[in-house]
Structure formats: structure tokens, C-alpha cells
Amino acid sequence: MRIASTPQPSSGRPWPRPPACLPADRLDDPPEGARVAVAGLVILRQRPGTAKGVIFITLEDETGIVNVIVWRKIYERFRRAVISGRLLRVTGRMQRAHAVTHVIAEEIDDISGMLDLLVRGDGADAYRPQPTAEHNEFAKTRNFG
């Protein structure tokens with residue numbers, strides 16, 4: 001799979017984006033009922049008892065949040081991704097109701113493996129230094145006693 005990059009505003013580091021995924025800040029562009037793909041970190045999963053098996057997922061990318069509705073039939077088909085995915089790609093239909101935009105899920109892919117790209121990218125060593133034999137963070141550098 002090829003990965004496109006967009007700048008991540010807070011750090012300037014590239015954010016790996018699955019191909020053909022729409023950023024959250026562009027969800028107003030497609031018309032009602034259009035088929036779209038979105039991707040983001042799972043920040044919330046809800047399964048209210050009154051929702052008759054519907055699951056609500058909130059995803060976050062570098063531009064904002066995406067509300068996803070997962071019907072029971074789709075949940076059963078993509079159960080593992082819905083339950084354990086930390087980074088999801090969701091393909092579905094746009095729905096707008098009461099000034100809220102949702103993606104009604106048709107396909108859900110667990111792309112959590114892409115999270116590694118965030119820490120392996122250029123400049124990642126500045127954020128997560130890995131000690132080596134030459135540079136050991138825990139080596140004695142001073143005699144405190």
C-alpha cells in the first residue's frame with residue numbers, strides 16, 4: 001500500500017495518510033450519500049443499550065474528528081477491527097442530520113500498523129531516542145556518591 005503524507009500542523013512532521021482518505025476538515029465537501037473513505041485514531045467507542053446494537057465510533061486525524069455509525073450487520077463482519085483497532089480506515093456513505101455529519105460504515109480496516117510510521121519518520125529520533133552502546137541514557141556520567 002502506498003502512503004501519502006500531509007503536514008501535521010503542530011509538529012510539521014508528515015502524517016501518514018492511507019490513499020484516497022478524506023481528511024476530517026473536508027467532510028463538508030462530498031454530497032449527502034456520497035461514498036467516502038476516512039481514517040483516524042479511535043478516540044471513542046460507544047454502544048449504548050438503547051441503540052439496538054448500533055456502535056458509534058469517533059475517529060481523529062490531524063485536521064479534526066469524524067463520527068462513524070456502525071450498524072450491527074457491519075459490526076459482525078468487521079468485529080475484530082471495531083473492537084481492537086487503534087487506527088481505522090472506514091469506507092461508507094455520508095449522512096448529515098441535525099448539523100452533524102456521520103459516515104455510515106460499510107467497510108472497516110484496522111490499519112494500526114501504520115502508527116509505527118509516525119515514530120519512524122524523519123525527526124522521530126528527536127522524540128524517541130534509542131540508547132545504543134555508544135550512547136546509553138542510563139550510563140553513569142557523574143559520581144554522585
Side-chain angles (χ1 to χ4, degrees), residues 1-139 141:
M1 169 185 354
R2 285 191 30 216
I3 298 169
S5 293
T6 58
Q8 185 176 11
S10 62
S11 69
R13 290 180 16 200
W15 173 273
R17 173 171 301 291
C21 285
L22 193 64
D25 67 351
R26 298 213 27 232
L27 285 176
D28 290 335
D29 295 351
E32 171 87 15
R35 188 163 186 197
V36 297
V38 294
L41 294 168
V42 177
I43 59 171
L44 177 73
R45 289 179 182 91
Q46 277 186 313
R47 190 175 190 173
T50 58
K52 299 182 182 175
V54 176
I55 296 174
F56 301 97
I57 299 175
T58 302
L59 303 178
E60 182 177 23
D61 70 9
E62 76 278 17
T63 68
I65 63 168
V66 179
N67 298 307
V68 178
I69 296 175
V70 182
W71 295 108
R72 181 184 305 232
K73 179 177 150 187
I74 298 299
Y75 166 72
E76 290 169 1
R77 190 166 155 212
F78 299 101
R79 184 176 194 275
R80 181 176 294 245
V82 171
I83 290 173
S84 64
R86 295 175 297 141
L87 180 65
L88 297 178
R89 177 178 47 215
V90 177
T91 303
R93 301 278 174 190
M94 296 292 302
Q95 180 186 64
R96 292 185 182 88
H98 310 290
V100 178
T101 300
H102 299 341
V103 175
I104 308 298
E106 295 174 349
E107 295 178 34
I108 302 170
D109 298 309
D110 182 355
I111 57 171
S112 299
M114 287 182 67
L115 289 171
D116 293 338
L117 297 175
L118 289 173
V119 294
R120 282 195 322 219
D122 292 339
D125 291 338
Y127 298 98
R128 294 191 123 182
Q130 299 296 320
T132 63
E134 296 82 30
H135 173 71
N136 185 344
E137 291 179 274
F138 306 109
T141 56

What's the spacing between [X] [atom1] and [Y] [atom2] if we round to 0.5 Å?
X: Thr91; Y: Arg35; atom1: OG1; atom2: CZ; answer: 5.5 Å
X: Ile65; Y: Glu60; atom1: CD1; atom2: CD; answer: 7.5 Å
X: Arg89; Y: Ile108; atom1: CZ; atom2: CD1; answer: 12.0 Å

Mind listing the closest non-hydrogen atom pair of [X] and [Y] along with its distance?
X: Pro30; Y: Leu22; answer: CG-CD2, 3.6 Å
X: Leu27; Y: Met94; answer: O-CE, 3.2 Å
X: Arg45; Y: Ser84; answer: NH2-C, 3.8 Å
X: Asp110; Y: Leu88; answer: CA-CD2, 3.9 Å
X: Gly64; Y: Ala24; answer: C-CB, 3.6 Å
X: Pro23; Y: Asp61; answer: CA-OD2, 3.3 Å

Determine all donor-acceptor pairs shorter than 3.5 Å in which one atom belongs to a side chain in residues 66-80; sequence neighbours excluded.
| residue | atom | partner | partner atom | Å |
| --- | --- | --- | --- | --- |
| Arg72 | NH2 | Lys52 | O | 3.3 |
| Tyr75 | OH | Arg79 | NE | 3.4 |

Original post:
Quick one: are Cys21 and Val38 in side-chain contact, heavy atoms under 4.5 Å?
Top reply: no
Original post:
So do the side chains of Leu59 and Ile57 get within less than 4.5 Å of each other, counting heavy atoms only?
Top reply: yes
Subject >> Donor-acceptor contact present, side-chain Asp109 to main-chain Ile111, <3.5 Å >> reply: no
Original post:
Under 3.5 Å, side chain of Gln95 to main-chain N/O of Ile104, donor-acceptor pair present?
Top reply: no
Original post:
Around Arg86, counting heavy atoms of other residues, nucleotides and ligands shown, do more than 12 lie under 6.0 Å from its CZ?
Top reply: no
